[in-house]
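Worksheet: one structure, shown below.
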There are 2 protein chains.
Amino acid sequence: MSRGVSRAAPSASRRGTPSAAQHRDIPQATVTRLATYLRVLGVLADEGAIIVSSEELAAASGVGSAKLRKDLSFLGPNGVRGVGYDVTRLRARIESALGLDRGHRVVLVGVGNLGRALAGYGGFDRRGFSMVGLFDCDPALVGADIGGMTVRDVAELADACRELDATIGVIATPDTAAQDVCDQLVGAGLRCILSFSPLTLEIPDHVEMRRVDLAMEMQVLSFNLARNEEQSPQQVSAASVAVGASTRNGSVIRP
Amino acid sequence: MSRGVSRAAPSASRRGTPSAAQHRDIPQATVTRLATYLRVLGVLADEGAIIVSSEELAAASGVGSAKLRKDLSFLGPNGVRGVGYDVTRLRARIESALGLDRGHRVVLVGVGNLGRALAGYGGFDRRGFSMVGLFDCDPALVGADIGGMTVRDVAELADACRELDATIGVIATPDTAAQDVCDQLVGAGLRCILSFSPLTLEIPDHVEMRRVDLAMEMQVLSFNLARNEEQSPQQVSAASVAVGASTRNGSVIRP
DNA sequence: GTCTGTGAAGGGCTTCACAGCT
DNA sequence: AGCTGTGAAGCCCTTCACAGAC
């Protein structure tokens, strides 16, 4: 994930100012789940919930309640003992911790089917991201209007990133173009890249990159199936078919 | 991730027959990386590589060499000391371990932009999956031809799954339809589901599910950016910009 | 009594360093 | 001499159980 120079030193664990020990000490695994809690809280808020307990929020998020409380405790005290968490307050707290209150501006490169799916995905705006630029190298697509935005030529990419003040770049191009696009995004000063190419793209250490590899997800799924079948060899055991009560709409407090 | 009944007991750790201790004891984290190694080995094979060392394969995969060797050791001895790994043999070994040699048959529900991107994604066939059915509920889409396949009505889903002998179901529908489609897939006997809905879908314990949440990936990215900026406050340090030598095309042995 | 926040115990994964084979 | 395979040490994360606030 880092180009050259043996693994970026994992040192750096002493806090700079005692004021903002916000980000550093949160485990990576917790960060991933915070994003989940945030989404669930959004649903609860839409339903009009005001207070939610760790048990309820955990169930709706698919984790254990102890884990959830531990996760939230990294952000400092958030709830009221004997009562629960204030939905609105907790949401704001997590958003702030994840850095979503800074209004990220996203550029997307590659408007094939995947790119179009991303461009049209309403979930981004709702979660603090705004799509500010679409790019492609296909002359037939440049100038086209997709979801209210005009597709620009990828040749303008680097300049446009600066001009648009983009903070996140998304690569949804064919594999052959991925590294080149990546280099351009990095060259333009972007430090956050989300790639849908299965290739291991090379980036300098200061750039943060996440990769979503669709085929890989299926492969992991395939393995887990094999593992499960080993456990319960032939047939699905009757016990595991009997499902418990759904946790949808628990006893969340409403106005 | 499991519906009802407090967490499936994590017991079950004794091996059944000593013959096939293949699947059980492989750590989840290792499984994820095996999928990565497999892809990289594919590239190496295409380039004509015959033997590869742990150092080279690790670098191309973006992990440390010790970790790679440890990962591979879970599959038994695979290499030759003092030499390296036989590319073809190792590939076959990993494919077998991941259960990819059983020829998974995939049905895809929801052929919007995302669904189309998945249907047209060449990477699946190349990695042991074949798309056998496309479904949608939109009458305007049913009957349409996408990538050589005819879109069928989602009403036929359950029957078609059995008839097509599908082993993996992919949900690429809007959120509102996700749980319903999921229930149908489970009802038809599928035990492997890949969902692109951010919702926490409810499934019985014997079904394996993976979720890809695009907005969540961006949120995690956002946090990591914030963390990095705390480390090197204002400007990118000059040291981290200096990138080392690329590891592309190392000294892999060719014919 | 109820539900949060947290120290402590436990388990799993990573890293190290080297024994062992070619 | 070179590279794999692996015990052992260390670290991170999860889980448990309960103290503490309301």
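For clarity, every value in this text was computed on a predicted model and none was experimentally measured. Residue numbers start from 1 in every chain, and the chains themselves are labelled A, B, ... in the order their sequence lines are given, proteins ahead of strands.
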Protein-nucleotide distance (B/L34, atom CG; C/dC13, atom P), rounded to Å: 13 Å
For atom NZ of A/K67 and atom P of C/dG12, their distance in whole Å: 13 Å
Rounded interatomic separation in angstrom, taking CG from B/L90 and P from D/dT4: 11 Å
Residue list, salt bridge (charged side-chain N to carboxylate O under 4.0 Å, His left out) with B/E95, at least two apart or on another chain: none
Side chain to side chain donor-acceptor pair (under 3.5 Å) involving B/D125 - partner list, sequence neighbours excluded: none
Salt bridge (charged side-chain N to carboxylate O under 4.0 Å, His left out) against A/R102, all qualifying residues, sequence neighbours excluded: B/E229
Side-chain N,O (B/S53) to OP1/OP2 (D/dC3) below 4.0 Å: no
Phosphate contact (C/dT4 OP1 or OP2) by A/S54 side-chain N/O below 4.0 Å: yes
Listing time: all N or O pairs from protein to nucleotides 16-20 of chain C that are below 3.5 Å?
| from | atom 1 | to | atom 2 | distance (Å) |
| --- | --- | --- | --- | --- |
| C/dG20 | N3 | B/R81 | NH1 | 3.3 |

Counterpart residues, salt bridge (charged side-chain N to carboxylate O under 4.0 Å, His left out), relative to A/E55 (two or more places apart): none
Pairs involving residues 26-35 of chain B, ordered by first then second residue, that meet salt bridge (Lys or Arg N to Asp or Glu O under 4.0 Å) (sequence neighbours left out): B/R33-B/D71
Residues forming a ring-ring contact (aromatic ring centres under 6.0 Å, His included) with B/Y85, sequence neighbours excluded: none
Spacing between B/L72 atom CG and D/dC3 atom C1', to the nearest angstrom: 13 Å
Value in whole Å for how far the C1' atom of D/dT4 lies from CD of B/E56: 14 Å
Any residue meeting salt bridge (charged side-chain N to carboxylate O under 4.0 Å, His left out) with B/R69, in chain and number order, not counting sequence neighbours: none
Using the 3.5 Å cut-off, write out each protein N or O paired with an N or O of nucleotides 9-13 of chain D and the distance between them.
| from | atom 1 | to | atom 2 | distance (Å) |
| --- | --- | --- | --- | --- |
| D/dC13 | OP1 | A/Q28 | N | 3.4 |

Atom pair distance, as rounded to whole Å: CG in A/L75 and C1' in C/dT6: 15 Å
